[in-house]
Structures are given as structure tokens and as C-alpha cells.
Amino acid sequence: MNLLLKALTGALVVLLIALLSKTRNYYLAGLLPLFPTFALIAHYIVGTERGLDALRTTILFGIWAVIPYLVYLVSLYFLIGSLRLPYALISAVLCWSIAAWLLILFWQRWYGLD
């Protein structure tokens with residue numbers, strides 16, 4: 001049942017994004033992915049299963065995790081001027097992946113977590 005609730009929550013967010021993209025305020029579709037739907041789920045699970053210290057670490061990592069998303073947005077902003085949309089999206093996801101990988105490497109080195 002818990003997994004079903006998570007899937008329905010994700011589906012609802014996708015539906016809202018699709019609906020918003022058809023309105024005159026289409027740009028709000030860019031805000032909805034940042035609603036902490038999955039963060040709420042992750043924070044609840046970590047907080048209840050691992051404790052508050054682990055939750056604080058997860059929150060701190062989440063703060064730093066904004067950087068790969070920013071890399072994605074900035075790269076996509078510039079790539080859509082020179083590439084067709086599917087290639088720009090794929091390239092931006094690749095940029096996100098590299099930034100996320102670097103973040104994980106630095107995080108593990110800084111905090112000594114494996």
C-alpha cells in the first residue's frame with residue numbers, strides 16, 4: 001500500500017505538470033518538479049528508519065544536490081539554441097549526470113561516507 005501511495009503521488013505530479021503546460025501560465029510547469037514530493041517521502045523514510053542525525057545528513061546533501069539541477073537547467077538553456085530539443089535534453093541530462101557524479105565523489109571524500 002505504501003508503494004502504491006508513492007506511485008500515485010508521482011503520477012499526480014506528472015498530471016499536474018501536463019495540465020499546467022497547457023495553460024497561459026505554462027512556465028509554472030517548471031516549478032512543480034521542484035515541489036518536494038519525493039523529498040518528503042525520502043525524508044520521512046530516512047527520519048523514521050535511520051534517525052535524526054541521518055536525516056540531517058540527507059537534508060544537507062539535498063542542499064548540495066541543487067547544484068546538479070542548476071547545471072542541468074543552465075546547460076539546457078544554452079543547448080536549446082544550438083541543438084534540436086531531444087538532443088539538447090539528452091545532453092543536459094548528461095551534464096546533470098556528470099555534476100551529480102562529481103557531487104557524490106566530493107561528498108564521499110569530504111564526509112568519509114561510502
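Values below: all heavy atoms of this structure, side chains included; hydrogens, waters and symmetry mates excluded. Residue numbers run from 1 in the order of the sequence given.
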What residues form a side-chain contact (heavy atoms from CB on, under 4.5 Å) with Ala42, not counting sequence neighbours? none

Would you tabulate the side-chain donor-acceptor contacts of residues 71-79 under 3.5 Å, counting partners in other chains and residues two or more places apart, or write 'none'?
from	atom 1	to	atom 2	distance (Å)
Ser75	OG	Val71	O	2.8
Ser75	OG	Tyr72	O	3.0

Can you list everything that forms a side-chain contact (heavy atoms from CB on, under 4.5 Å) with Val66? Sequence neighbours excluded, please. none

Can you give each donor-acceptor pair under 3.5 Å made by side-chain atoms of residues 87-106, sequence neighbours left out, with the distance rounded to 0.1 Å?
from	atom 1	to	atom 2	distance (Å)
Ser91	OG	Tyr87	O	2.8
Ser97	OG	Val93	O	2.9

Indicate the atoms forming the closest heavy-atom contact of Val13 with Leu32, along with that distance. CG1-O, 4.3 Å

To the nearest 0.5 angstrom, please state how far the CG atom of Leu16 sits from the CG atom of Leu31. 11.5 Å

Taking ring-ring contact (aromatic ring centres under 6.0 Å, His included) as the cut-off, I'd like each qualifying pair that reaches into residues 5-61, sequence neighbours left out, listed once. Phe61-Trp107

Side-chain cluster (under 4.5 Å, hydrophobic types only) that Leu19 belongs to, other residues: Leu15

Using the rule that Ile, Leu, Val, Met, Phe, Trp and Tyr join whenever any side-chain heavy atoms are under 4.5 Å apart, tell me whether Trp110 and Trp64 fall into a single cluster. yes

Rounding to 0.5 Å, atoms OG1 (Thr23) and CG (Leu28) come to a distance of 6.5 Å

Indicate the atoms forming the closest heavy-atom contact of Pro33 with Ile17, along with that distance. CG-CD1, 3.9 Å

